[in-house]
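Notes to accompany the following structure.
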Amino acid sequence: MSSEKHQSATPIAERIEQFLYQHAQMYSPDIFLLGTHYREGRSDRTTTKPEIPEKPSASRNDRDAVKSIPVVGEQRSVNHRAQLLDEFYQEIKDCQKCKLAKGRTHLVFGAGAPDARLMFVGEGPGREEDLQGLPFVGPAGQVLDRMIKRLGFERDEVYIANVVKCRPPQNRDPQADEVEACFPYLQRQIDIIQPRYIFCLGRIAAHALLGYKAEMATLRGRIHYYKNSKVFVTYHPAALLRNQKLFWATFEDMKLFRKVYDQEIGDKPPMETPNKRA
Ligand code: URA
Ligand code: SF4
């Protein structure tokens with residue numbers, strides 16, 4: 001019965017998407033529809049008002065239903081997701097789509113639980129990651145490990161990936177053409193994992209995932225959406241290594257995530273407030 005529903009819903013969803021896209025092209029990139037902000041006609045990337053949602057209510061569920069229009073929900077087992085990720089890795093492991101290919105030792109695909117509720121998205125591999133072929137295993141990784149722990153999670157229950165899979169020379173920012181070439185890989189990973197929450201680490205990840213550029217001050221402190229995932233933005237762990245003053249702001253971002261998580265899932269012990277001197 002439900003598959004019948006999906007079959008009839010898909011063409012309508014596509015037509016609505018098409019309409020929104022055309023509207024954005026012709027009139028304005030900003031469309032507000034039933035509480036959802038569609039930007040540039042890309043209804044997979046939305047931003048809500050900077051407030052924490054109330055406890056689930058009928059009207060909020062209605063809004064969520066609108067947000068999920070472009071996605072035909074599909075429940076997959078953890079094994080199926082693991083298999084899809086593995087097949088996808090095999091498909092792209094020799095990728096030569098951008099100029100970062102020639103400098104890499106290893107393509108850093110991503111790592112973690114294939115059915116993670118929480119996914120972290122970084123910028124691109126650094127030196128240590130390039131050597132080991134794993135994400136966030138260098139100094140920034142140690143900061144991320146502490147952040148994951150503080151959030152009440154284990155590293156092996158989250159998924160960690162980057163916007164670009166190959167190391168930019170001298171750890172420079174990935175360039176627009178590189179992000180454009182590589183971003184579909186991250187999209188595919190998100191489609192397989194279907195994380196309920198995504199933490200963007202730094203502005204490069206936020207800009208890529210949200211599809212527009214804004215200051216960190218604007219991006220932080222609010223909930224964004226990417227397809228069916230709620231997206232949170234915080235500073236990159238490497239920025240914390242350079243500037244410890246960012247620690248408390250990052251802690252605020254973690255608290256915002258946990259507030260939403262505790263309302264919606266609520267299976268973690270309270271987050272401890274670190275000692276001010278820490
Ligand atoms: N910085 C990132 O953005 N990603 C990594 O994997 C490591 C450092
Ligand atoms: Fe391919 Fe991405 Fe590596 Fe570029 S960065 S070569 S697109 S995997």
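Start at 1 with the first residue, then count along the sequence. Counting starts at 1 for both ligands and their atoms, in listed order.
With hydrogens and angles left out, the side-chain atoms of K102 and Q96 include no donor and acceptor closer than 3.5 Å. Of the N and O atoms on the side chains of Y235 and N243, not one donor lies less than 3.5 Å from an acceptor on the other residue.
By the 4.0 Å N-to-carboxylate-O rule, R203 lies too far from E123 to be salt-bridged with it.
At least one N or O atom of F136 sits closer than 3.5 Å to an N or O atom of ligand 1.
Ring centers of F120 and Y159: at least 6.0 Å apart, outside the cut-off.
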Self-check item: Worked check of ring pair (Phe, Tyr, Trp, His ring centres under 6.0 Å) between Y261 and F153
Solution: CA-CA 12 Å; Y261 185 89; F153 287 75; 5.3 Å; yes
Self-check item: ring pair (Phe, Tyr, Trp, His ring centres under 6.0 Å) between F183 and H207, worked out
Solution: CA-CA 11 Å; F183 186 65; H207 294 171; over 10 Å; no
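Which parts of ligand 1 touch E123 is read off a 4.0 Å heavy-atom cut-off, strictly below it: atoms 2 (C), 3 (O). For ligand 1 and H236, the ligand atoms under 4.0 Å from any heavy atom of the residue are 1 (N), 2 (C), 3 (O). Listed by number with element, the atoms of ligand 1 under 4.0 angstrom from any heavy atom of G122 are 3 (O).
By the criterion of a heavy-atom distance under 4.0 Å, the side chain of E129, and not its backbone, is placed next to ligand 1.
In this structure, E128 does not count as a contact residue of ligand 1, since none of its heavy atoms falls inside 4.0 Å of the ligand. In this structure, R104 is part of the shell of residues with a heavy atom less than 4.0 angstrom from ligand 2.
Comparing heavy-atom distances from atom 2 (C) of ligand 1 across A140, A205, G126, G124 singles out G124 as nearest.
Looking at V164 and L100, their side chains come closer than 4.5 Å, going by heavy atoms from C-beta outward. Looking at heavy atoms from C-beta onward, K165 lies in side-chain contact with Q189 at the 4.5 angstrom threshold. Residues L107 and C95 are in side-chain contact: their nearest non-hydrogen atoms beyond the backbone lie under 4.5 Å apart.
In this structure, the protein non-hydrogen atom closest to atom 4 (N) of ligand 1 is N162 OD1, 2.7 Å.
Within a 6.0 Å sphere centred on CD of E87, heavy atoms belonging to other residues, nucleotides or ligands number more than 12.
Around atom 2 (Fe) of ligand 2, protein N, O or S atoms at less than 2.8 Å number 1.
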